[in-house]
Visitor: 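Below is one structure. I have some questions about it.
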Amino acid sequence: MNQQITLEQELNKYFNYSSFRLGQKEIIEDILQGKDVLGILPTGSGKSICYQLPAMLLEGVTIVVSPLISLMIDQVKQLKAMQIKQVIALNSFMDPADRKMIYNNIHLYKLIYISPELLQQKELIRLLQQTRISLFVIDEAHCISQWGHEFRPDYLKLNTIIEKLNHPRTLALSATATPDVQQDIIHSLNKPRMVKHIYPMDRTNLTFCIEEVTDEKEKTDQLIQLLNTYYVPTIIYFSSRMVSENVAKLLSEKLPNRNIAFYHGGMEQMDRITIQQQFMNDQLDVICCTSAFGMGINKGNIRFVIHYHLPLQLESYIQEVGRAGRDGKSSVCLLLFSNNDFYIPLNLIKNELPSEEMLSSIFQYLYRLFTERRGLPTKDAEIENLFQLNEIQWRFLRYQFEKHGMIAGNRINFHEENWKQNYQEIEQLIKDRTSIKEKKLNEILQWVHDKGCLRKSLYKSFQPFYSEVKEKCCSNCGFSWSEWNPAKTNIRLDEETNWESKLRKLLLVEENEKF
Amino acid sequence: MIFHCILLECCNQIQTERTASSIYHLLRGRRSIQTVQDAHLFKLERYFGIYKNLLRNHFNHTMELLQFEGLLKRVNSSQMVYETTPATADWFTDIYKTPFPFESFAGLAYHEIMDPFFDRLLLLIQTLTNSKMDYFSFIPVIDNPVIETWVKVFYRKVKNHEEKYLKIIYQELRNILQYVSSDEAGLFIDRLTGYKNYGMSINQLSSKYNLSVDDVQLIIVNIIHRLLSVLHNEKNNYPFLAYIINDISNATLLSNSAFQTSHLLGQGYSIEKIASIRNLKINTIHDHLIEIAFYETDFPLYHYVTKEEHQDILNAIQKTNSSKLRDIKQQVNNDISYFQIRLILALHHKQI
């Protein structure tokens, strides 16, 4: 009993929440007792508290491995905004001098976010070996699994790192992991005695709606009509940066009473922060974005999540719609689908891994470097530019070359027989991974065309049960727009004034102030 | 239009003497001696570093667009070399009727201090307004530890006097913004972030003011340059704004790497020795030397060339009336290296 009171008080002290949400407390209690834990919690349920609170309570340092740098940076910013300052995000894009300074003071931090590729660094591992690690967290743990939708090769090496760090207690977290993937995580980490905390991901306050349209025009018409009816905070997801910009522009023209902007990974850092915060702050109420938006966004009153393009798999769909209605109020998830949409994700899948031609020209390039007694260029961007590879493609290849011993650091080790075999293995791997992705795409297509309850078919591969919903369940269970009447949210439309009064208002200077 | 105009003006000055890449590097403010020299040589100092995040693809695409509109002619199919056309002159006459103060750009003078100035101002305003409202859970718009540290130190000094300082900022900004048009002042203020009031992104400004994304960024830079120039001349009228850049306005112009080389030179190490200590190519150290020669007032030139060689190179520069290295090399004694020519060229342009 005593401990119970303490945990809730601690939660309140550090994070200003009065009570735990589903699953958090159970996971935290197990961690504090020194157990290894696998936690599957739905998006938006406050997964991060599961390690942030223990990090504050345990002596020593908590390490969080996270696959996305932007996500780490967001988390650190939010923690700092909550006055938790002993946090830092380490990644390979940092200035080496800055990183060095942090390394020298590593014991001063309670919570350190690290990108998986940085954990390959010997210097960092040595440093961590001398540091007291109280908890090792693997965020987005489904990245460990080849069957997961976001496989990250670096994650496969985490088991050896945990070993090198002398087996600190370990927490693996994910929002989207099918039973197969859960098994993969436990197996890959080599921790068969992990305690599993699996919570259902279905959300009863979400209504699922699929509308088939014939073309783009019909999609935008439908958007205009709906946004004219529902004045609520809305996210519209796109697969393409350019389309997100274009539609945002069109909607702004047609809907002068709404505040609409776009957001994607190609924007300058300052503009990304600005747009994100405008949305949090209700200065914006409609965001047209790619999947880059939303991670780490903690806004309770998002009422409407629209997919303009088909997502690549059900996992990301569940994650993205999971941002709606976190305050528990009724919210709608609409997917606009036209038969042409099939080709966009198919192309995206193709571009995720290097093509056969790329593979063969890179092998030739490596061979040439070897014969000229040169090493790999130190800058990844150089190779990426040379072969027109994207970052993900090159990361994949680099890992494969390392794994097969073809390169070690920047040195190239040539061995004719082995290289031939390696080539075939990598080629096969690309084929396999592509076919997994295509399978995932097929799953979501099947879901789109399912005639039965969309809620049921959406969740069935992730969990054995789901809660049935009587009203506003989905478009196949008879949902009609007239049933949905969410309260209008206040939209700030700034009136235009002259610049001097604008400046006065910004700087909070009284109108009748004399100087 | 502003962006296009600047590109055309650069082409007009450079013509076929350099490839278009030189313009790209100039606008991005590349810290190479070649780019700085070109800025002087073609009298384009004011555009140095005014568009630091210009992307290569976008630049190439815009050059092609200008070519398509008949304002540029590509003279070489394998290299990006352009010259202006008769249509360019007419276009200029038209465009200069719209009043935009191109001549107020001062890139070479301000490219270093413009970002710290604006970033410090932005974060300071965000911090002071939020702190005044006792709201400490805001996400800083500037994500740069160096700027953050500066603002933190400043904030500690003025804590609990937020209102007083906000009034001072208001007064000074209101006065200094009289130097720009009211539209420009409005755009500048729309970019600023206060308490629960995040500033507009470049794209939002672009649609609000009906300007291209390029032009919005260039206008902001232009405004900042004008403000910096006012601050330079009337420091005493704007004590607070002047304070923001007090510690950076006199910083060395040398790049960090050249600065390290300069330090080692000062300790008496040879070029070869420095190259091996720093694990850099000799060529790189040569680049540093040229940079140092360009910026430092008492560079020991005759350590690197004899008086005769110096004269020989100067003669060749006059004779060829060109700054192409190969042309000059052909006119001088065989023993004279490219490095020596570049060194003399650098000093030559410094005097112009």
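Chain naming here is simple, since letters A, B, ... match the order of the sequence lines and numbering starts at 1 in each.
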Visitor: Search all heavy atoms of B/Thr129 against all heavy atoms of A/Leu506 and return the closest pair with its distance.
Guide: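 Distance-wise, the nearest heavy atoms are CG2-O, 3.3 Å.
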Visitor: Taking A/Asn281, A/Asp282, A/Ile273 one by one, which has the highest count of heavy-atom pairs under 4.5 Å against chain B?
Guide: A/Asn281
Visitor: Looking only at heavy atoms, which of residues 118-128 of chain B get nearer than 4.5 Å to chain A?
Guide: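 Those residues of residues 118-128 of chain B which have a heavy atom under 4.5 Å from chain A are B/Leu122, B/Ile125.
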Visitor: Can you tell me how far apart CD1 (B/Ile202) and CE (A/Met267) are? Round to the nearest 0.5 Å.
Guide: 10.0 Å
Visitor: Minimum heavy-atom separation for A/Leu503 and B/Leu173, please, with both atom names.
Guide: CD2-CB, 3.8 Å
Visitor: Is a side-chain N or O of B/Lys132 found less than 3.5 angstrom from the main chain of A/Leu508, in a donor-acceptor match?
Guide: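 Pair found, side chain donor or acceptor close to backbone of A/Leu508.
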Visitor: Are any side-chain N or O atoms of A/Asp271 and backbone N or O atoms of B/Ser201, one a donor and one an acceptor, separated by less than 3.5 Å?
Guide: no
Visitor: Would you mind checking which part of A/Glu245 comes under 4.5 Å of any heavy atom in chain B, side chain (CB onward), backbone (N, CA, C, O), both or neither?
Guide: neither
Visitor: Donor-acceptor pair, distance only, cut-off 3.5 Å: does the side chain of A/Gln277 make one with the backbone of B/Pro140?
Guide: no
Visitor: With rounding to the nearest 0.5 angstrom, report the CH2 to CZ distance, A/Trp499 to B/Arg174.
Guide: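 A/Trp499 CH2 to B/Arg174 CZ: 8.0 Å, rounded to 0.5 Å.
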Visitor: Measure the spacing between NZ of B/Lys167 and CD of A/Glu510 and express it to the nearest 0.5 Å.
Guide: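 CD of A/Glu510 is found 8.5 Å from NZ of B/Lys167.
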Visitor: What do the steps show when you test B/Asp143 against A/Met270 for side-chain contact (heavy atoms from CB on, under 4.5 Å), and what is the final call?
Guide: CA-CA 7 Å; B/Asp143 188 25; A/Met270 180 173 157; over 6 Å; no
Visitor: With rounding to the nearest 0.5 Å, note down the distance linking CZ in B/Phe136 to CD in A/Gln83.
Guide: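 One finds 7.5 Å between CZ of B/Phe136 and CD of A/Gln83.
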Visitor: Are more than 12 heavy atoms from other residues, nucleotides or ligands located less than 6.0 Å from atom NZ of A/Lys502?
Guide: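 Yes.
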Visitor: Out of curiosity, A/Thr274 OG1 to B/Gln204 CD, how far, rounded to the nearest 0.5 Å?
Guide: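 These two atoms lie 8.0 Å from each other.
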Visitor: Please name the pair of heavy atoms, one in B/Ile139 and one in A/Lys77, separated by the smallest distance, quoted to 0.1 Å.
Guide: CG2-CD, 3.6 Å
Visitor: Around atom NZ of A/Lys100, are there more than 12 heavy atoms of other residues, nucleotides or ligands at under 6.0 Å?
Guide: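 Result for NZ/A/Lys100: open.
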Visitor: Verify side-chain contact (heavy atoms from CB on, under 4.5 Å) between B/Asn197 and A/Lys505, making sure each step is shown before the conclusion.
Guide: CA-CA 10 Å; B/Asn197 183 0; A/Lys505 223 175 104 192; 5.6 Å; no
Visitor: Between atom CZ of B/Arg56 and atom CG of A/Asn385, what is the distance when rounded to the nearest 0.5 Å?
Guide: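 Reported to 0.5 Å precision, the distance equals 11.5 Å.
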Visitor: Taking the side chain as every heavy atom from C-beta outward, state whether B/Gln178 and A/Glu500 have any pair of such atoms under 4.5 Å apart.
Guide: yes
Visitor: Given heavy-atom pairs under 4.5 angstrom as the criterion, report whether the side chain, backbone, both or neither of A/Met82 touches chain B.
Guide: neither
Visitor: With chain A as the partner chain, list the residues of residues 205-213 of chain B whose heavy atoms fall under 4.5 Å from it, by residue number, and write 'none' if nothing qualifies.
Guide: B/Lys208, B/Tyr209
Visitor: For the residue pair A/Gln278 and B/Met200, what are the closest heavy atoms and their distance?
Guide: NE2-CA, 3.8 Å
